[in-house]
Amino acid sequence: MSTSSAPANLMDALVSLCKRRGFIFPSSDIYGGLNGFFDYGPLGVELKNNIKAAWWRDFVQRRDDMVGLDSSIIHHPTTWKASGHVDNFTDPLVDCKVSKQRYRADQLFWAAVNVETDEPFSITLTGLQSNHLGPDKYITLIGYVSALESERTNEELLEKAETLKRKKGIRGKLHPLVPNDFTYANTENIPFIPSPALGGINGIDKVDQLMPPRSFNMMFETYVGALRDDSAVAYLRPETAQGIFINFKNVLDTGRVKVPFGIAQIGKAFRNEINPRNFTFRSREFEQMEIEYFIAPDADWQKCHREWIDAGLAWLESIGLPRALLSEYAHPKEKLSHYSKGTVDIMFKFPFGVQELWGFAARGDFDLTQHQQFSGKSMEYFDEAAKKKYVPHVVEPSVGVDRILLAALCAGYAEDEAPDEKGKPEKRVVLRLSPRLAPVKVAVLPLVKNKPELVAVAEQLHAKLQRKHVVFYDQSGAIGRRYRRQDEIGTPWCVTIDFDTLANGTFTLRERDSMKQERIDEKTLFALLDEKLD
RNA sequence: GCGGCUGUAGUUUAACGGUAAAACCUCUGCCUUCCAAGCAGGUGUUCGGGGUUCAAUUCCCCGCAGCCGCACCA
């Protein structure tokens, strides 16, 4: 067996292959591309469809407790008020003009530093303005401190305040600090607040280091109808999940479902990412496969959560992502949204780092309750067994189609060696995609094209296979070249029609990864495909 | 969004202040009895816009796009 490895600049090789062979193109390529958008070519769309089909079959059709849904991309705008996206999908960011650092306003803490004394400071001597608080009690503002959010933000602020006091040579008692995050800063105090990158300590002089917080709304806006006024504003959905929640009642009333059950949806979602990066990994338009799995409020959500994570891991392995490249990341409790009981991500080791692939959030009854409130419609479910009404809780497995596709390409791309016709080893590029995902399942190749009888048999077999599978017919060039061509696009099998085929109906089956060949007949081939593609 | 680097054919790269080249890929024909063979032929390129210049793909500016780092990623 020859050695196989991924090149150091795997992403470059992959991007090049994707374009060269028609998997993924930059969107609007002829106009110079558009940042954060991609188009899937002839092979890319097959691969993508295969991922979606496999997921849908395994998680919807092959289960008794799942139903599907395909909601519109644009929902009633109130949907996004209820979900919190209108208010929370914006992240106010603060830029430091000097260090060029950027902070999230809600993670940047600051405090005014005041000192208590029994006599006022003399303005002329110190430049400080004291305020009279009571008998023999004066309070004086001596500066500002700042620190980034951490386990010891408050201690850090306090230390900096002490340092400031010491440096200024000021005596007196430190007035208790009142730390605020930067969303509570205003034009009055922003010029005085120091940037943490520059020490985070400042006196009472204007330093103008930080910019006022700026909001970045991640939702794409559009207008429904011809009128472009505020009442017509609508959003392209930033996630498919809300389409499921707003259809919960409809599915409940018509779908003959009983808790616990899940609703699955595959569809496009849009996020105005500040900075798309890493090929298709963070795109502004992408496709999600989401499930909302509804359970009783008193059910063991942790067990359910765990089962879905395990199901996700098993499925990813089944489509060819090696377990060694997968890991789990549990979001720290303090970072969770107030309604989330727990979120675990399945991570994948991409060439550009370990990144989130599939998120599993336990969202409680937050979403349904919100929609119940905003719509005025009951989201309650009557549980026949328990004889009671409740709003179900939910576990949400959410994964990006494009990310799985990218992960499959990254995991599958390999360069190894194959002998040429003289037996000399040559470099070979091979995409080791699992047969279920491979865009082309079989290539049918007549050994030589100038023998009409071989071509005729090959064409017949091709036509027959084509009725059930994506197959490729290729008669141009030497046989080895044609094998390599298929290796590069991940075709798992090639069948070669030769002169023995005419005599006994058998042909050569050549396997992509091992390059092994065996003689089989048509019946065996179809049986093999049925088994491996199931 | 900031900083650095970059942009020539589908891909990888070369060259030049005087109007662009190679390899691979792709396509056609011939040849070919199992791992990128050979011969002949064909398509196709200076990211966009401005400026300097007699002349710009080359130098300058602005956009756009990509890569790397920082920041961000509900």
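Because the structure is a prediction, the values reported are computed rather than measured. These values consider heavy atoms only, across backbone and side chains, with no hydrogens, waters or symmetry-generated copies. Convention: sequence-line order gives letters A, B, ...; per-chain numbering from 1.
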Whole-Å gap separating [atom2] ([N]) and [atom1] ([X]):
X        : N     : atom1 : atom2 : result
A/Asp416 : B/A36 : CG    : C1'   : 13 Å
A/Lys449 : B/G29 : NZ    : C1'   : 8 Å
A/Arg485 : B/C24 : CZ    : P     : 14 Å
A/Asp29  : B/G66 : CG    : P     : 11 Å
A/Arg484 : B/A36 : CZ    : P     : 5 Å

message = On a heavy-atom basis, which atom in A/Phe192 and which in A/Asn202 lie closest, and how many Å separate them?
response = O-ND2, 2.8 Å
Determine which nucleotide pairs with [N], using a 3.5 Å limit on both distances of a Watson-Crick or G-U wobble pair.
N     : result
B/G69 : B/C2
B/C64 : B/G7
B/C34 : none
B/G18 : B/C54

ask   = Out of B/U32, B/G10, B/U26, which nucleotide sits closest to the side chain of A/Arg20?
value = B/G10
If only side-chain N and O atoms of [X] are considered, is one of them under 4.0 Å from the OP1 or OP2 phosphate oxygen of [N]?
X        : N     : result
A/Asn450 : B/C30 : no
A/Arg519 : B/C34 : no
A/Arg428 : B/A36 : no

note = Test side chain to side chain donor-acceptor pair (under 3.5 Å), reference A/Asp474, set A/Gln486, A/Arg482, A/Arg485, output is A/Arg485
Sugar-phosphate only, base, or nothing, as touched by [X] at under 4.0 Å among non-hydrogen atoms:
X        : result
A/Asp498 : base
A/Ile479 : sugar-phosphate
A/Ser16  : sugar-phosphate

message = Looking at A/Tyr223, I'd like to know if its OH atom is crowded, meaning that more than 12 non-hydrogen atoms belonging to other residues, nucleotides or ligands lie closer than 6.0 Å.
response = yes
ask   = Can you tell me if NZ on A/Lys464 sees more than 12 non-hydrogen neighbours from other groups inside 6.0 Å?
value = no
[N] and [M]: how far apart are their [atom1] atoms, nearest whole angstrom?
N     : M     : atom1 : value
B/U13 : B/C25 : C1'   : 14 Å
B/U45 : B/C2  : C1'   : 34 Å
B/G3  : B/G18 : C1'   : 37 Å
B/C61 : B/G42 : P     : 42 Å
B/A23 : B/U8  : C1'   : 15 Å

message = Between the side chains of A/Asp487 and A/Arg510, is the shortest nitrogen-to-carboxylate-oxygen separation below 4.0 Å, so that they form an ion pair?
response = yes
